[in-house]
Amino acid sequence: MELLQFSQSSSLRISAIKPPSETYFHRTRMPFKPTSLSSDLLFNCSQNLPSTGPYNRRTCLKDLPKQNYRRNFIWACTRVGAAGSDPLMNKVFDLKDAFWRFLRPHTIRGTALGSVALVARALIAHSDLIKWSLVWKALSGLVALICGNGYIVGINQIYDIGIDKVNKPYLPIAAGDLSVQSAWLLVIFFAITGLLIVGLNFGPFITSLYSLGLLLGTIYSVPPFRMKRFPVVAFLIIATVRGFLLNFGVYHATRAALGLTFEWSSPVAFITTFVTIFALVIAITKDLPDVEGDRKFKISTLATSLGVRNIAFLGSGLLLVNYMGAVLAAIYMPQAFRSSIMIPVHTILAACLIFQTWVLERANYTKEAISEFYRFIWNLFYAEYIIFPFI
């Protein structure tokens with residue numbers, strides 16, 4: 001992490017500091033070298049930053065590698081400089097930032113990419129049925145999915161405050177940037193809004209699937225159920241919600257909107273199976289960066305039981321099986337898949353996975369390396385949805 005540096009002429013050079021790791025998947029690089037800033041800027045920044053939270057006075061002036069923050073220092077100071085003279089704007093900015101972190105952006109990206117990819121696939125296959133009236137329905141469906149995603153990750157944060165203070169101190173409730181009461185209002189809003197949108201636009205069957213997803217997300221986190229305590233059940237819940245329910249539900253709703261009855265196609269069956277297995281890998285590897293907090297709060301996970309190295313290899317192995325299955329599907333079903341895309345792309349992705357696993361091994365499984373590895377797993381997840389409409 002780079003530090004602030006003063007030149008002989010008292011001008012200030014500010015280099016980018018890594019922003020907090022929420023976003024495992026959001027990197028902001030803002031090289032900024034003002035030529036004639038007085039040292040008052042540093043003083044004002046440190047004085048205006050809050051005394052607590054991820055952007056406090058201490059973090060303004062020193063390196064905090066243990067917290068693995070990946071936000072940009074200039075961004076933090078800029079928001080103070082720009083909004084410090086206007087308390088209302090400053091508060092709005094803080095609330096917006098807390099809200100975004102509360103949504104867990106990497107999960108939003110996965111949900112959005114998945115729904116867009118499946119809708120695109122259905123529309124490509126039936127381009128003659130496309131109507132402008134479907135745009136509103138598609139957008140409302142995406143909003144409902146984001147609401148469902150927000151409810152599930154939000155309810156988990158409400159009941160994981162103590163653990164998150166150790167594992168994910170950048171999350172808004174754990175960091176003190178969002179009150180528990182506000183978090184409850186948000187998750188209730190997400191649940192009601194999502195159910196209303198789905199119920200009014202997509203019929204009873206899709207509404208029942210959506211409700212099942214919310215129910216599974218609830219029993220995953222909320223006592224006395226708190227199924228996340230049981231590794232196998234937790235994995236199955238995550239794989240079901242992010243794998244089967246999302247892909248099957250979106251594709252079913254899209255065909256219904258086009259006036260078609262549901263039927264499986266080889267590509268849709270492939271992506272549903274592929275992503276369900278992938279979601280299982282995400283469920284397994286998501287605990288890798290959280291071993292410290294899980295052990296402290298006596299939460300049993302495969303990572304705490306079998307060790308980080310073994311779980312990393314298990315996750316990589318399952319994904320390699322996934323990629324081998326994709327290549328074999330293209331070879332033995334050339335009428336259903338574009339082998340010219342399926343085979344080389346999945347071979348390259350598999351090679352990248354092997355390389356990243358080797359990098360993790362060479363780094364001796366440090367927390368930073370584990371976070372990079374987990375981030376890479378999500379990037380592979382995004383990549384599969386990106387290529388899906390074209391296979």
Side-chain angles (χ1 to χ4, degrees), residues 19-24 26 45-60 64 66-72 75-80 82-108 111 143 146-196 214-215 217-226 228-229 286 289-290 292-294 296-297 299:
S21 68
E22 166 59 4
T23 78
Y24 289 137
H26 173 66
C45 173
S46 62
Q47 291 301 310
N48 282 293
L49 284 173
S51 58
T52 60
Y55 308 115
N56 54 48
R57 294 176 189 130
R58 298 188 193 94
T59 61
C60 187
L64 294 175
K66 290 185 179 179
Q67 294 181 0
N68 192 27
Y69 284 164
R70 296 189 177 280
R71 289 197 187 273
N72 189 282
W75 178 83
C77 290
T78 302
R79 77 174 195 179
V80 172
S85 59
D86 188 339
L88 178 60
M89 289 302 297
N90 196 26
K91 187 172 183 179
V92 169
F93 196 99
D94 289 340
L95 287 174
K96 183 181 72 172
D97 174 62
F99 176 73
W100 182 238
R101 283 181 284 138
F102 184 70
L103 287 177
R104 305 304 305 276
H106 66 283
T107 63
I108 293 290
T111 299
V143 171
I146 292 174
C147 284
N149 193 104
Y151 170 82
I152 291 172
V153 299
I155 202 79
N156 185 64
Q157 290 175 64
I158 290 173
Y159 285 97
D160 272 5
I161 299 174
I163 302 172
D164 287 341
K165 286 182 178 179
V166 177
N167 291 336
K168 303 179 181 76
Y170 48 81
L171 292 179
I173 304 177
D177 299 329
L178 186 71
S179 69
V180 174
Q181 181 182 9
S182 297
W184 271 113
L185 291 175
L186 283 172
V187 297
I188 291 171
F189 170 79
F190 288 146
I192 293 174
T193 302
L195 284 169
L196 284 174
L214 296 184
L215 175 63
T218 301
I219 64 174
Y220 176 84
S221 300
V222 177
F225 308 101
R226 201 157 170 78
K228 67 181 298 178
R229 295 175 298 167
K286 79 177 184 63
D290 299 341
E292 180 184 351
D294 289 339
K296 180 177 180 180
F297 287 87
I299 292 180

remark   = Value for CZ (R101) from CG (L103), rounded to nearest 0.5 Å, stands at 11.5 Å
message = If I compare all heavy atoms of A98 with all of P172, which pair ends up nearest, and what's the gap?
response = O-CG, 3.4 Å
Could you give the side-chain donor-acceptor pairs of residues 146-153 under 3.5 Å, partners two or more places apart or in another chain?
| residue | atom | partner | partner atom | Å |
| --- | --- | --- | --- | --- |
| N149 | OD1 | T111 | OG1 | 2.8 |
| N149 | OD1 | R242 | NH2 | 3.0 |
| N149 | ND2 | T107 | OG1 | 2.8 |
| Y151 | OH | T218 | OG1 | 2.6 |

inquiry  = Applying side-chain contact (heavy atoms from CB on, under 4.5 Å), can you list everything that pairs with L186, at least two apart in sequence or on another chain?
reply    = F99, F102, L178, F190
inquiry  = Can you list everything that forms a side-chain contact (heavy atoms from CB on, under 4.5 Å) with L196? Sequence neighbours excluded, please.
reply    = I192
request  = Can you sort out the partners of I161 under side-chain contact (heavy atoms from CB on, under 4.5 Å), two or more places apart, ordered by chain and number?
outcome  = K165, I173, V180
query = What is the distance from atom CD1 of I163 to atom CD of Q157, rounded to the nearest 0.5 Å?
reply = 12.5 Å
query = Does any pair with a residue in residues 180-193 pass salt bridge (Lys or Arg N to Asp or Glu O under 4.0 Å), and if so which ones, sequence neighbours excluded?
reply = none
Pairs involving residues 178-195, ordered by first then second residue, that meet salt bridge (Lys or Arg N to Asp or Glu O under 4.0 Å) (sequence neighbours left out) = none
remark   = To the nearest 0.5 Å, atom CG of L195 lies from atom CG of L214 at 5.5 Å
request  = Could you list all the side-chain hydrogen bond (donor to acceptor under 3.5 Å, both in side chains) pairs where at least one residue sits in residues 179-195, not counting sequence neighbours?
outcome  = S179-S182
inquiry  = Suppose we screen for side chain to side chain donor-acceptor pair (under 3.5 Å). Which residues come up paired with D164, at least two apart in sequence or across chains?
reply    = none
query = Between N156 and K228, is any pair of side-chain heavy atoms under 4.5 Å apart?
reply = yes
request  = Check R229 against P224 and note the closest heavy-atom contact, atom names and distance.
outcome  = NH2-O, 3.3 Å
Qualifying residues under side-chain contact (heavy atoms from CB on, under 4.5 Å), relative to P223, sequence neighbours excluded = Y159, R226
